[in-house]
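Working notes, structure below.
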2 protein chains.
Amino acid sequence: MSHQPEPLSTKLQRGNLMAAACPSREVLRSMTSQWGVLVLMSLQQGTHRFSELRRRIGGVSERMLSETLKRLERHGLILRVAYPVVPPQTEYSLTPLGVEAARHVAGMADWIEVNLPEILQHRPQQA
Amino acid sequence: MSHQPEPLSTKLQRGNLMAAACPSREVLRSMTSQWGVLVLMSLQQGTHRFSELRRRIGGVSERMLSETLKRLERHGLILRVAYPVVPPQTEYSLTPLGVEAARHVAGMADWIEVNLPEILQHRPQQA
DNA sequence: TGTTGGTTCTTACTATTAGTGAGTATAGGG
DNA sequence: CCCTATACTCACTAATAGTAAGAACCAACA
């Protein structure tokens with residue numbers, strides 16, 4: 001909270017998603033990946049275990065859930081706490097950064113769910 | 001426009017993204033696809049031609065841009081107007097539904113760009 | 001009069017990623 | 001003693017993303 005050495009140089013590094021080489025692209029991809037969105041949404045309701053997330057999120061495989069969680073953890077959006085017990089127990093929760101991220105994706109997700117009927121009307125019905 | 005047979009049954013079909021088979025999953029994937037996000041963001045500033053979008057969005061190939069635009073059009077989020085001239089000219093813009101969708105993804109995108117420095121600090125620097 | 005460039009795509013091919021099914025270690029319950 | 005549950009990983013296949021080239025057409029330029 002006190003005086004920091006280089007507050008400006010840090011502040012100036014805002015990402016630019018339009019630039020192909022900007023690392024923000026990677027963050028975008030993990031936050032907006034199919035399973036990433038659903039994990040963030042699920043963790044909005046509090047801490048969950050691996051298997052709870054798996055049951056809650058219809059259609060995730062264990063492999064994809066595991067990789068999605070690892071990626072979100074690498075970006076500091078979720079916190080992983082593993083208890084060395086048998087059978088294994090691991091708890092996942094949102095970090096403060098993750099709480100903000102989850103608000104955005106959940107807002108979008110909610111909009112999709114609400115507007116789904118209208119969106120589907122624009123789609124040509126398949127033969 | 002007159003009295004419709006089943007207005008309630010349509011209204012009641014709110015999507016559920018947690019369900020694997022719900023069509024909202026497909027909408028989520030097109031809205032949150034890497035190029036989908038960047039297209040929606042770009043079109044927030046108004047109508048653009050294909051090649052303008054291609055130049056603006058760093059790293060898109062023509063194939064991916066074309067497919068992304070088609071998918072967003074299928075979901076009623078963008079409008080495509082092709083003029084039968086030579087050389088070809090096509091204009092893309094947001095539909096009212098697309099304007100709302102774009103607001104959500106742009107909000108998220110902005111958050112990512114602003115918080116990128118903090119997010120990157122959580123990442124282990126690579127060897 | 002070639003030839004180059006610009007436009008909006010599509011097609012064929014390759015690389016990357018997603019998804020599937022099985023395996024692992026351990027303990028508690030029937 | 002075998003089955004289930006947990007949180008994974010590994011080997012494999014299917015799907016998707018990315019690359020490079022071409023197509024159709026004309027305008028401008030040398």
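So you know, we letter chains A, B, ... as the sequences are listed, proteins then strands, and number each from 1.
When each of D/dC25, D/dT6, D/dT9 is scored by its nearest atom to the side-chain atoms of B/V86, the top-ranked nucleotide is D/dC25. Among C/dG6, D/dA7, C/dA27, the nucleotide with an atom closest to any side-chain atom of A/F50 is D/dA7. Between D/dT6, C/dT7, C/dG19, one nucleotide has an atom nearer to the side chain of B/R49 than all others, and that is C/dT7. Picking from D/dC25, C/dG19, D/dA5 the nucleotide with the shortest atom distance to the side chain of A/M64 gives C/dG19.
The closest donor-acceptor contact from the side chain of B/R56 to the backbone of B/S42 lies at 3.5 Å or more, if one exists at all. Put simply, the side chain of B/R54 never gets that close to the backbone of B/L65: no donor and acceptor are under 3.5 Å apart.
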Convert the base pairs of DNA chain C into dot-bracket notation, remembering that pairs crossing earlier ones are written with [ ] and that bases paired across to another strand are shown as |; include only Watson-Crick or G-U pairs under 3.5 Å. ||||||||||||||||||||||||||||||
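Toward the 5' end of DNA chain C, the nearer of the two residues B/Y92 and A/R71, judged by each one's closest nucleotide, is B/Y92. The 5' end of DNA chain C is approached more closely, in terms of each residue's nearest nucleotide, by B/Q89 than by the other of B/Q89 and A/P88.
Among the heavy atoms of the strands lying under 4.0 Å from B/S61 is at least one base atom, whether or not backbone atoms are also near. Heavy atoms of A/E67 sit nowhere under 4.0 angstrom from any nucleic acid atom.
Atom CH2 in A/W35 sits about 9 Å away from atom C1' in C/dG19, given to the nearest Å. Protein atom CG of B/L69 is 14 Å distant from nucleotide atom P of D/dA17, rounded to whole Å. The interatomic distance linking B/L38 (CG) with D/dG18 (P) rounds to 11 Å, in whole Å. Note: CD1 (A/I57) to P (D/dA7) measures 14 Å, nearest angstrom.
Judged by atom type and distance alone, B/R63 reaches the base of D/dA17 through a side-chain donor-acceptor pair under 3.5 Å.
Under a 4.0 Å N-O distance rule, the pair A/R63/A/E67 qualifies as a salt bridge.
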